[in-house]
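Working notes, beginning with the structure itself.
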Amino acid sequence: LASSTYGQTKRQSSFIPIFDGKTFNGWKILGGKAKYTIEDGVIVGEMVKGVPNSFLSTEKEYEDFILELEFKIEGTETNSGIQIRSNYDPQGNNGQGLVFVFQMDIDPSERAWTGGVYDEGRRNWLYPLDLQESAQKAFKVNQFNKVRIEAIGDEVRIWLNDIPTAAVIDTLDRKGIIGLQVHSVPDRLVGQKVYF
């Protein structure tokens, strides 16, 4: 799976890895203090007790790019997301740090909004999947799912398992970090994992 986590800028003709499959070189944890490990070339985020949303984020900012990766989340009661063009406010969230802006939501619940666009920490839902009900069937529960995110100019487009799920035109944020979210959870869900 490490070989399927890539980013591409408009000036490149081929994808380049942004995760080497072995280390967190080029990445840092922002916000909460969830546990991130690497297992067989896969980034694993573990939900821990009493911490706010956590983000394993790129140190580098990206502007125009295509991001492709696979993810899997355990169960149907948790939540996660993939941040794109996001920003960080170290004073936000009562001094614990706040990652905000675009998130491709990972929502394994019955609502089935995985692949929608959420504005984390700011405007909330920009493209909930009740706007495109056919996209709600794209997510595979407890399996790896393939995602393609294109952020070019003012447009963000998302495909989940080769099915288009969201398209947003937004002029506020054209550059930022890429992040992998481990959501805060109630005690009964501590220990569940998300894989990237």
Side-chain angles (χ1 to χ4, degrees), residues 1-12 14-38 41-46 52-73 79-90 92-93 97-107 114-123 126-127 144-160 165-168 170 172-183 193-196:
L1 291 176
S3 64
S4 64
T5 306
Y6 292 93
Q8 179 182 28
T9 68
K10 65 182 176 182
R11 290 176 289 279
Q12 295 173 321
S14 61
F15 283 87
I16 59 167
I18 60 173
F19 168 56
D20 66 17
K22 299 174 187 171
T23 70
F24 289 122
N25 290 343
W27 295 80
K28 60 186 174 185
I29 296 176
L30 299 174
K33 300 192 182 331
K35 183 179 176 184
Y36 289 91
T37 57
I38 300 169
V42 177
I43 295 171
V44 181
E46 184 175 336
N53 293 351
S54 306
F55 302 87
L56 179 66
S57 303
T58 58
E59 293 175 353
K60 181 180 175 182
E61 291 188 336
Y62 296 87
E63 189 171 355
D64 287 356
F65 61 88
I66 296 169
L67 176 69
E68 291 187 349
L69 59 91
E70 295 179 12
F71 70 89
K72 177 174 80 169
I73 188 166
N79 188 280
S80 184
I82 300 167
Q83 302 297 127
I84 58 163
R85 291 181 170 173
S86 288
N87 297 291
Y88 179 64
D89 175 6
N93 200 18
L98 177 68
V99 172
F100 61 97
V101 190
F102 300 121
Q103 177 187 93
M104 187 216 81
D105 203 60
I106 299 173
D107 174 14
T114 297
V117 178
Y118 186 74
D119 191 342
E120 177 83 17
R122 198 169 57 181
R123 296 175 289 173
L126 300 178
Y127 200 104
F144 275 98
N145 292 267
K146 180 175 69 170
V147 65
R148 177 183 175 98
I149 301 171
E150 293 185 1
I152 312 277
D154 293 331
E155 296 183 32
V156 173
R157 297 181 183 277
I158 298 172
W159 288 261
L160 182 62
T165 59
V168 172
D170 193 281
L172 289 185
D173 301 283
R174 294 282 304 274
K175 183 178 183 181
I177 57 176
I178 293 170
L180 309 175
Q181 183 191 54
V182 171
H183 208 283
K193 296 177 180 177
V194 57
Y195 304 81
F196 301 95

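Note that OG of Ser86 and CD1 of Ile178 are 9.5 Å apart. Values are rounded to the nearest 0.5 Å. The CZ atom of Arg85 sits 5.5 Å away from the CG atom of Asp64 when rounded to the nearest 0.5 Å. Rounding to the nearest 0.5 angstrom, the gap separating the OH atom in Tyr36 from the CZ atom in Phe55 is 7.5 Å. Rounding to the nearest 0.5 Å places CD1 of Ile43 at 14.5 Å from NZ of Lys193. Rounding to the nearest 0.5 Å gives a distance of 6.5 Å between CG of Asp119 and CZ of Phe102. In this structure, CD1 in Ile82 is found 4.5 Å from CG in Leu69, a value given to the nearest 0.5 Å.
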>> What verdict does the side chain to side chain contact (heavy atoms under 4.5 Å, CB included) test give for Leu126 and Asp170, after you've listed the backbone C-alpha separation in whole Å, the side-chain angles of each residue and the deciding distance to 0.1 Å?
In response: CA-CA 9 Å; Leu126 300 178; Asp170 193 281; 4.3 Å; yes
>> Test side chain to side chain contact (heavy atoms under 4.5 Å, CB included) on Gln181 and Asn79; report intermediate values, then the result.
In response: CA-CA 9 Å; Gln181 183 191 54; Asn79 188 280; 3.9 Å; yes
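Side-chain contact between Ile29 and Phe24 is absent, with no heavy-atom pair separated by less than 4.5 Å. Side-chain contact between Glu150 and Trp159 is present, with heavy atoms from C-beta onward closer than 4.5 Å. Using a 4.5 Å cut-off on side-chain heavy atoms (C-beta onward), Ile18 and Tyr62 make contact. Side-chain contact check for Phe15 versus Ile66: some heavy-atom pair is nearer than 4.5 Å.
The aromatic rings of Phe71 and Phe196 are tilted relative to each other, their planes meeting at an angle between 30° and 60°.
In plain terms, the two heavy atoms of Ile149 and Met104 that are nearest each other are CD1-CB, 4.1 Å. The two residues Gly116 and Ile158 make their nearest non-hydrogen contact at O-CD1, 4.4 Å. Of all non-hydrogen atoms in Ser80 and Val194, the two that sit nearest each other are OG-CG2, 3.8 Å. For the pair Gly121 and Leu98, the tightest heavy-atom approach, listed with the atom from each and the gap, is O-CD2, 4.2 Å. Between Gly115 and Ala166 the shortest heavy-atom distance is O-CB, 3.4 Å. Contact detail for Arg174 and Glu63: the closest heavy-atom pair is O-CG, 3.1 Å.
A donor-acceptor pair is defined here as one N or O able to donate and one able to accept, closer than 3.5 Å; no such pair exists between the side chain of Asn53 and the backbone of Val182. With hydrogens and angles disregarded, a donor-acceptor distance shorter than 3.5 Å links the side chain of Ser54 to the backbone of Pro52. With hydrogens and angles disregarded, no donor-acceptor distance shorter than 3.5 Å links the side chain of Thr58 to the backbone of Trp27.
Scanning for ring-ring contact (aromatic ring centres under 6.0 Å, His included) contacts around Tyr118 gives Trp125, with sequence neighbours left out.
The existence of a salt bridge linking Glu68 and Arg148 is confirmed by a sub-4.0 Å separation between a basic side-chain nitrogen and an acidic carboxylate oxygen.
The one candidate from Asp173, Ile177, Leu172 that meets the side chain to side chain contact (heavy atoms under 4.5 Å, CB included) condition with Val101 is Asp173.
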